[in-house]
2 protein chains.
Amino acid sequence: MADISTRKVNPLFLREEELRQGMELLFYAYRDFTAEADLILEQYNFGRAHHRVIHFVSRNPGINVSDLLGILQITKQSLSRVLGQLVREGFIEQKTGVQDRRQRLLTVTEKGEELERKLSENQRVLIANAYREAGAEAVEGFRKVLLGMLGPNDRARFEDELLPNGLRRRMG
Amino acid sequence: MADISTRKVNPLFLREEELRQGMELLFYAYRDFTAEADLILEQYNFGRAHHRVIHFVSRNPGINVSDLLGILQITKQSLSRVLGQLVREGFIEQKTGVQDRRQRLLTVTEKGEELERKLSENQRVLIANAYREAGAEAVEGFRKVLLGMLGPNDRARFEDELLPNGLRRRMG
DNA sequence: ATTAATATGTCAATAAAACTGACATAACGG
DNA sequence: CCGTTATGTCAGTTTTATTGACATATTAAT
């Protein structure tokens, strides 16, 4: 009888504790994950937003401003300051679109790619180590859970992952 | 021969792609994870920092200011503003320490617990759904990978997880 | 051809959240 | 009693993002 009642209570407690732990893991991991890049960015007088812009432009060469805003979910004025700096300092290039000449298509320059690699180097090492230590199966679980946490918009960004290379990442 | 060379190249590409995907997953998940709570916080004229303070004080009842600063990694002036608001508005209580009367030991009031539950409700649902959909094995992988990404300081916070309840989370 | 809508950019004011530096008080430990 | 520690606070600044208003160029639709 006492046995049954503890069986009734414990699962709930463990579940709650499990969820709270997940929340904190996410908090600490995200912070530690970005900590090193933040230090490098300081040397350029850049912030995390600059890193994000460089990252997503590097990953989506020729992306237009609207789509980038859609990914970053900031206002165009906020993007403007950051993007303006990156363009002026030669990390990102803007080219007028060909089908639609209103668009400014963004690409990172070689200098920009260098910075991107520098910024993401530690992050790649962190993830690579964590992946290696945890094993392939854990990695699959990691991705599955994170994917499951995404809102529909963001999830859609990963749903074309199985398509051939060139067709990826043209989402709004 | 061509077969071998593609075998040599592809694994590297996939690995790089896998890492980049992990980085983006983390970015999107963290953002989506905090989005709803941010909306609630607005109604109180609070920010994400208030949420963090309430969360960690709730999880570590009787924590002192130094330890909280160690968790949050912000300056005491930044904490002061946030904590001051929370105390003045009755979400958090300060009690003078007994062994060391210089310390202000922090606990959340019932009102504070209510807000915490309200703020974390959506987050718990998000994680719970993701956990349920992904399955127990995936959850284990998720935790393994995230834990592996933590720096030594933050990892230590999770290393006493196997101790009996009352002894947890007394780290600096 | 004219016009409405779209893509982008920019000026200005403001707000939020952090920071640094300096200093003050109280309590602990020796 | 004295040096250190825990905490708090005042003041000034910086970073990053916001809102609102408006401008330009281009496309698309009638």
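Scope of the values below: all heavy atoms of this structure, side chains included, with no hydrogens, waters or symmetry mates. Labels below follow one simple rule: chain letters A, B, ... track the order of the sequence lines, proteins then strands, and each chain is numbered from 1.
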B:A49, nearest nucleotide to its side chain (from C:dA7, D:dA6, C:dA18): C:dA18
Rounded distance in Å - CD (A:Q77) to P (C:dA16): 17 Å
Separation of C:dG30 P from B:D100 CG (nearest whole Å): 12 Å
Length of the line joining A:L83:CG and C:dG9:C1', which is rounded to integer Å: 11 Å
Nucleotide D:dT19, atom P - distance to CG of A:L79 in whole Å: 14 Å
Nucleotide C:dT8, atom P - distance to CD1 of A:I92 in whole Å: 14 Å
Short side-chain N/O contact from A:R104 to OP1 or OP2 of C:dA7, under 4.0 Å: no
A:K95, NZ: over 12 other non-hydrogen atoms inside 6.0 angstrom: no
Sugar-phosphate only, base, or nothing, as touched by A:S78 at under 4.0 Å among non-hydrogen atoms: base
Proximal nucleotide (of C:dA18, C:dA7, D:dC22) relative to the A:K76 side chain: D:dC22
Whole-Å gap separating C1' (C:dA17) and CG (B:L41): 13 Å
Position toward the 5' end of DNA chain D (nearest nucleotide), A:R81 or A:Q99: A:R81
Short side-chain N/O contact from A:T75 to OP1 or OP2 of D:dA17, under 4.0 Å: no
Between C1' of D:dT15 and CZ of A:R48, the distance in whole Å: 13 Å
Short side-chain N/O contact from B:S80 to OP1 or OP2 of D:dT9, under 4.0 Å: yes
Value in whole Å for how far the P atom of C:dT8 lies from CD1 of A:I63: 10 Å
Short side-chain donor-acceptor distance under 3.5 Å, A:H51 and A:E116: no
base_contact_polar (C:dT8 base, A:R102 side chain, donor-acceptor, <3.5 Å): no
Side-chain H-bond candidate by donor/acceptor type, A:K144 with B:Y131, under 3.5 Å: no
N-O pairing of A:R117 and A:E110 below 4.0 Å: yes
Ring center gap for A:F27 and B:Y30 short of 6.0 angstrom: no
Residue-phosphate contact under 4.0 Å: B:Q94 side-chain N/O, D:dG8 OP1/OP2: yes
